[in-house]
Amino acid sequence: MRPKILLLGDSLTQIGYNGWVGELSHVYQRRADVINRGMSGYNTKWYLEYASCSDVWQQGSGVRLVTIFFGANDSSHQEYNPRHHVPIPEFEENLERLLSLCEQKYGKEVAVIFLTAPPVVHEQRLAFQKQRYGDKATGILERTMGLSESYAAATNRVAEKHNRPSINLWKEMQQVEEWESFFYDGLHFTEAGNRFVAKAIVKEIAVSYPNLAVTPCPFTKQYANSGSSCPHLEQSGPYHDEIDHLNHQ
């Protein structure tokens with residue numbers, strides 16, 4: 001059975017097929033199947049309930065890496081978006097529960113990477129609100145930089161407590177000039193934002209889990225030819241230039 005990379009998260013994961021999720025699939029072509037289990041609009045509380053009655057914990061023994069990417073919904077303002085809001089102590093408990101379940105179902109040695117909530121572009125959120133709701137727009141931010149920063153810090157605390165790597169998107173994205181271009185509605189990623197996330201994950205794998213890192217071919221830059229390599233993830237089937245066309249039975 002081909003190894004698997006399992007992605008847990010909200011809409012930032014679910015709609016990443018043509019973004020960072022797709023890029024991760026590209027990097028691991030013929031080596032691992034990337035399983036996207038992002039659920040748009042979900043917070044950690046809802047996701048735990050969903051995971052308990054779906055196939056999230058039924059992916060078998062081949063799961064080698066899991067990403068846990070939450071906070072964008074949990075960090076919603078308690079008064080202005082109470083349906084999504086999860087208090088920080090409960091949010092941390094939920095992240096720990098997700099990590100514990102990953103280890104129970106897929107083994108203590110499974111690689112896990114946390115990703116924090118990204119920053120929020122206030123102006124874009126307000127513009128999106130007005131565009132979507134027109135005269136009914138409240139003009140009040142339901143997600144803010146301050147809230148997302150607090151939940152990013154909470155994610156980092158959980159990761160550090162359990163000696164797991166965490167990609168601090170809230171901090172790292174803002175280190176790029178004109179980082180606001182990473183978002184189209186103040187929350188969800190543009191093409192540039194998706195590229196940033198993909199590169200950050202690939203980089204973190206190389207640092208924290210080097211045996212799962214794919215080295216592309218130095219000549220073609222391809223991730224799945226005879227010039228590429230990955231210590232613990234072999235390619236499926238021989239590459240075409242490894243086949244003896246006269247004796248390939």
Side-chain angles (χ1 to χ4, degrees), residues 3-10 12-13 16 19-21 23-28 31-38 44 47-48 51 56-57 59 62-72 74-75 88 91-119 148-176 179 182 189 193-216 223 229-233:
K4 297 178 181 178
I5 296 173
L6 179 61
L7 314 179
L8 314 182
D10 48 38
L12 296 179
T13 298
W20 71 267
V21 175
E23 178 61 23
L24 201 60
S25 297
H26 174 65
V27 171
Y28 285 92
R31 299 183 190 276
D33 290 332
V34 176
I35 310 299
N36 186 342
R37 289 298 178 267
T44 50
Y47 196 89
L48 280 165
V56 169
W57 309 127
Q59 295 298 320
V63 175
R64 306 297 298 278
L65 170 68
V66 181
T67 61
I68 301 177
F69 187 6
F70 291 94
D74 299 73
S75 63
I88 286 179
F91 175 66
E92 293 189 29
E93 290 176 5
N94 291 344
L95 290 181
E96 290 193 276
R97 179 61 177 157
L98 286 167
L99 175 60
S100 176
L101 285 165
C102 284
E103 294 176 342
Q104 289 176 33
K105 302 298 183 180
Y106 302 124
K108 289 283 187 179
E109 300 305 312
V110 66
V112 176
I113 296 176
F114 286 93
L115 291 94
T116 76
S148 58
E149 180 183 21
S150 297
Y151 283 72
T155 300
N156 289 332
R157 284 195 297 271
V158 171
E160 183 176 2
K161 177 180 177 181
H162 295 278
N163 197 29
R164 294 288 190 169
S166 178
I167 300 173
N168 191 341
L169 292 179
W170 193 91
K171 179 180 179 181
E172 293 182 18
M173 283 186 151
Q174 292 184 75
Q175 293 174 350
V176 177
W179 63 269
F182 289 153
F189 302 130
N194 274 294
R195 282 198 304 270
F196 184 97
V197 175
K199 289 180 179 179
I201 293 174
V202 170
K203 179 181 178 181
E204 190 59 54
I205 292 172
V207 171
S208 297
Y209 305 108
N211 286 334
L212 299 179
V214 180
T215 301
Y223 287 98
S229 63
C230 181
H232 282 187
L233 294 175

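Everything numeric in this text was worked out from a predicted model, so none of it was measured.
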Measuring from atom [atom1] of [X] to atom [atom2] of [Y], what distance do you get when rounded to the nearest 0.5 angstrom?
| X | Y | atom1 | atom2 | result |
| --- | --- | --- | --- | --- |
| L24 | I205 | CG | CD1 | 5.5 Å |
| D74 | L95 | CG | CG | 7.5 Å |
| I201 | W20 | CD1 | CH2 | 4.5 Å |
| F114 | H162 | CZ | NE2 | 7.0 Å |
| D33 | L6 | CG | CG | 12.0 Å |
| T155 | E92 | OG1 | CD | 8.0 Å |

For E96, does the CD atom sit with more than 12 other heavy atoms under 6.0 Å from it, leaving out its own atoms?
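Yes.
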Answer whether the closest heavy-atom distance between the side chains of [X] and [Y] falls below 4.5 Å.
| X | Y | answer |
| --- | --- | --- |
| P118 | L12 | yes |
| L169 | V197 | yes |
| V158 | F91 | no |
| F189 | M173 | yes |
| Y151 | I88 | yes |
| E172 | I167 | yes |

Quiz prompt | From CA spacing to verdict: side chain to side chain contact (heavy atoms under 4.5 Å, CB included), C102, I68 | solution = CA-CA 10 Å; C102 284; I68 301 177; 4.3 Å; yes
[X] versus [Y], closest heavy-atom pair with distance:
| X | Y | value |
| --- | --- | --- |
| L7 | Y47 | O-OH, 4.4 Å |
| S148 | P119 | OG-CA, 4.2 Å |
| I113 | Y209 | CG1-CE1, 3.8 Å |
| A159 | S166 | CB-CB, 3.6 Å |
| S75 | A72 | OG-O, 3.5 Å |
| T13 | L8 | OG1-O, 4.0 Å |

- Fit a plane to each ring of F182 and F196, take the angle between them on a 0 to 90° scale, and name the class: parallel (under 30°), tilted (30 to 60°) or perpendicular (over 60°).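 Tilted: the ring planes of F182 and F196 meet at 30° to 60°.
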Expected output: side-chain [X] to main-chain [Y] donor-acceptor under 3.5 Å:
| X | Y | value |
| --- | --- | --- |
| Y106 | L65 | no |
| N168 | A152 | no |
| N211 | H232 | no |
| K4 | I35 | no |

If you look only at pairs with a residue in residues 100-116, which of them pass as a salt bridge (Lys or Arg N to Asp or Glu O under 4.0 Å), with sequence neighbours excluded?
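Applying salt bridge (Lys or Arg N to Asp or Glu O under 4.0 Å) to every pair that reaches into residues 100-116, excluding sequence neighbours, yields E103-K108, E103-R164.
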Looking only at side chains, do T116 and W170 share a donor and an acceptor under 3.5 Å apart?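 Per modelled atom types, T116 and W170 side chains form no pair under 3.5 Å.
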